[in-house]
Protein chains: 2
Amino acid sequence: MIDKVIIAEDHEFANLSVQKTMEDLKVKQYDYAFYCDDAFAKIQLAQKKGEPYDLLITDLSFEDDGTPQQIHDGIELIRAVRAIQPSILVLILSGQHRPVDIHNLFEHNEVDAYVRKARHDVQELKSAMHALSKGQRYYPGSLAQQIKRSNTYEFTDFDITIIRLLNEGYQQNEIPAYLKEHNIKPSSLSSIEKRLNQIREELGFLNNQQLMVFCSNAGLL
Amino acid sequence: MIDKVIIAEDHEFANLSVQKTMEDLKVKQYDYAFYCDDAFAKIQLAQKKGEPYDLLITDLSFEDDGTPQQIHDGIELIRAVRAIQPSILVLILSGQHRPVDIHNLFEHNEVDAYVRKARHDVQELKSAMHALSKGQRYYPGSLAQQIKRSNTYEFTDFDITIIRLLNEGYQQNEIPAYLKEHNIKPSSLSSIEKRLNQIREELGFLNNQQLMVFCSNAGLL
DNA sequence: CCCCTGGTTACGGTTTGCCGTAATAAAAAT
DNA sequence: ATTTTTATTACGGCAAACCGTAACCAGGGG
């Protein structure tokens with residue numbers, strides 16, 4: 001069961017609503033913090049007193065308002081907390097973040113649930129809490145869909161190299177020189193053009209810009 | 001006095017907390033909506049019944065979740081509402097938005113108060129409400145500061161339109177037609193080229209791809 | 001040895017984007 | 001009202017990207 005929860009969220013609006021949701025869900029004890037350092041201190045203290053938290057609900061990005069902090073964002077907080085209390089459950093509550101990033105967090109078992117701040121986020125949070133209390137993770141389907149869409153195409157190392165170079169400001173006709181320099185096998189301008197053409201075709205993009213944005217969002221850069 | 005308030009906010013978390021804040025402030029009557037159309041309908045009805053709202057609290061960006069809407073964002077909502085009830089007070093409650101945009105809204109008297117979803121947003125909302133009830137506007141000082149020290153490039157609506165179109169797969173020579181179609185003022189290919197050139201220059205990008213990725217990461221698309 | 005096949009490279013033509021300059025329109029200032 | 005300033009548009013040359021075709025070069029089988 002989830003009896004003791006700590007909320008780390010800098011926005012008062014969100015923090016308040018999460019608290020209210022905890023009340024609705026009859027969570028026995030919940031505390032909240034507006035700063036990562038504060039949340040960490042509370043978790044550390046509870047741990048020392050032998051009354052550890054069951055669940056950490058945290059935002060990912062925290063605004064820097066001038067007060068100096070050791071821990072600056074949600075990911076740092078999660079890692080710091082897991083270092084002293086590996087068993088704690090972690091639920092991420094985030095505004096807009098890249099699907100891949102979230103996905104990676106799941107893959108590395110750094111988080112157990114993810115709720116996006118959006119329409120129906122309260123419902124989502126309740127569903128997530130429900131899943132967690134049953135020992136399940138909460139990985140929203142929409143996220144899987146987004147990832148699936150991004151993962152349809154298999155990018156080769158060659159593809160990624162080209163795209164990375166383009167993103168660094170190389171123009172296509174400068175790339176062959178670079179490839180020869182680094183002994184990468186297809187190195188002709190034709191090959192590069194053909195490859196890009198093929199990728200665009202398969203993914204249904206009309207220009208390289210879309211491709212670059214896509215790769216950026218997919219975390220390939 | 002502010003006795004009757006309508007809240008338009010798609011995020012449940014935020015909506016809920018605003019409601020709670022209204023309770024704390026002893027506002028006599030408040031209603032809420034998760035969609036612009038719904039908010040507009042409520043305002044229209046109240047107006048017809050001779051019991052109009054005193055204040056509209058609205059987010060700027062509303063997520064499109066598939067349900068078809070006439071009014072798609074906060075600005076459209078504000079303009080639609082002001083068209084039928086010019087006297088209504090308007091308070092914007094927004095996550096991250098360009099300071100200049102907000103500033104312009106104030107300058108054109110389209111809004112009376114602005115609260116950013118951030119640290120202490122509940123306090124800010126209360127302060128804003130207090131100011132409004134005294135017949136004052138609420139223009140947070142932080143906004144003025146942000147405009148002053150924003151040495152990063154300021155994208156105009158025009159810029160964003162172009163970039164959005166490019167990202168949708170338009171090629172540059174197709175854009176003038178679109179702009180004329182939508183009565184956007186500079187519409188020539190030259191203007192587009194010149195603008196893009198200028199932006200790249202100021203931000204130090206070597207090609208459009210980098211610009212697109214930048215804008216994507218900055219959440220401007 | 002030749003032929004076939006898959007992949008790479010070379011080349012030419014066309015389109016698109018890039019950038020400077022000049023003409024024109026609109027706005028501001030006098 | 002006319003000049004000055006500013007913004008927008010039109011045009012042209014050039015570079016880059018796009019795209020098709022054909023030549024080239026492995027290796028594998030006949």
Side-chain angles (χ1 to χ4, degrees), chain A residues 153-216 218 220-221, chain B residues 98 100-101 103-104 107-108 153-216 220-221:
Chain A
Y153 193 75
E154 267 304 322
F155 287 93
T156 67
D157 287 350
F158 181 65
D159 298 338
I160 294 176
T161 303
I162 297 176
I163 291 165
R164 217 194 59 241
L165 291 175
L166 283 176
N167 187 51
E168 286 171 13
Y170 278 73
Q171 47 193 178
Q172 292 184 20
N173 59 21
E174 294 170 340
I175 294 182
Y178 177 95
L179 295 178
K180 277 162 193 149
E181 185 84 12
H182 292 72
N183 296 321
I184 297 173
K185 311 217 322 216
S187 66
S188 73
L189 184 55
S190 268
S191 295
I192 294 165
E193 292 170 345
K194 191 165 291 188
R195 198 87 200 91
L196 285 173
N197 190 350
Q198 210 171 326
I199 298 172
R200 280 197 306 270
E201 175 108 6
E202 292 204 44
L203 291 173
F205 292 141
L206 294 105
N207 57 37
N208 279 350
Q209 283 129 49
Q210 291 182 312
L211 176 58
M212 306 292 287
V213 169
F214 172 84
C215 290
S216 169
L220 292 175
L221 308 176
Chain B
R98 310 206 311 270
V100 256
D101 288 343
H103 185 75
N104 286 336
E107 288 223 318
H108 295 82
Y153 188 75
E154 280 299 339
F155 288 91
T156 67
D157 287 349
F158 182 65
D159 299 338
I160 293 178
T161 303
I162 296 175
I163 291 165
R164 215 194 60 240
L165 290 174
L166 284 176
N167 187 51
E168 286 172 12
Y170 278 72
Q171 48 192 185
Q172 293 185 17
N173 57 21
E174 294 170 339
I175 293 181
Y178 177 95
L179 295 178
K180 276 162 194 150
E181 185 84 12
H182 291 72
N183 296 321
I184 297 174
K185 306 201 329 204
S187 66
S188 74
L189 185 55
S190 268
S191 294
I192 294 165
E193 293 168 346
K194 189 167 291 186
R195 201 85 201 90
L196 285 173
N197 189 354
Q198 211 172 326
I199 299 171
R200 281 197 305 271
E201 174 110 4
E202 292 202 44
L203 291 173
F205 292 139
L206 294 106
N207 57 37
N208 278 351
Q209 284 127 52
Q210 291 182 314
L211 174 58
M212 305 293 288
V213 169
F214 171 84
C215 290
S216 169
L220 291 176
L221 307 176

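Letters A, B, ... are given to chains in the order of the sequence lines, protein chains preceding strands, and every chain is numbered from 1.
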Is N208(B) near enough to dC18(C) that one of its side-chain N or O atoms lies under 4.0 angstrom from OP1 or OP2? yes
Closer than 3.5 angstrom, by distance alone: can the side chain of E174(A) be matched with the main-chain N or O of Y170(A) as a donor-acceptor pair? no
When the distance from CD of Q198(A) to C1' of dG6(C) is rounded to whole Å, what number comes out? 13 Å
Could you tell me the separation between the CD atom of Q209(B) and the P atom of dA16(D), rounded to a whole number of Å? 14 Å
Rounded to the nearest angstrom, tell me the gap between atom CD1 in I175(A) and atom P in dA17(D). 8 Å
Less than 4.0 angstrom between a side-chain N/O of Q172(B) and OP1 or OP2 of dT16(C), yes or no? no
Please confirm whether the shortest side-chain N or O distance from N197(B) to OP1 or OP2 of dC18(C) is below 4.0 Å. no
Nucleotide dC19(C), atom C1' - distance to CD1 of I192(B) in whole Å: 15 Å
With rounding to the nearest 0.5 Å, note down the distance linking CD in E193(B) to CG in N173(B). 9.5 Å
Kindly point out which of dC19(C), dC19(D), dT16(C) is positioned nearest to the side chain of R200(B)? dC19(C)
CD1 of I175(A) to OG of S188(A), rounded to nearest 0.5 Å, is 11.5 Å
Got a second to check how far L211(A)'s CG is from R200(A)'s CZ, nearest 0.5 Å? 7.5 Å
Distance check needed: dA15(D) C1' versus Q171(A) CD, whole Å only. 8 Å
If you find the nucleotide of DNA chain D closest to S190(A) and the one closest to Y170(A), which residue's nucleotide is nearer the 5' end? Y170(A)
Out of dT16(C), dT21(D), dA17(D), which has the shortest distance to the side chain of K194(A)? dT21(D)
Rounded to the nearest 0.5 Å, how far apart are CD of Q209(A) and CG of N167(B)? 8.0 Å
Given dT8(C), dT9(D), dT16(C), which nucleotide is nearest the side-chain atoms of S187(B)? dT9(D)
Are any of S188(A)'s side-chain N or O atoms less than 4.0 Å away from OP1 or OP2 of dT9(C)? yes
For L189(B) and dG17(C), what is the distance between atoms CG and P respectively, to the nearest whole Å? 8 Å
Provide, to the nearest angstrom, the distance between the CD atom belonging to E193(B) and the C1' atom belonging to dT15(C). 14 Å
Distance check needed: dA16(D) C1' versus N207(A) CG, whole Å only. 15 Å
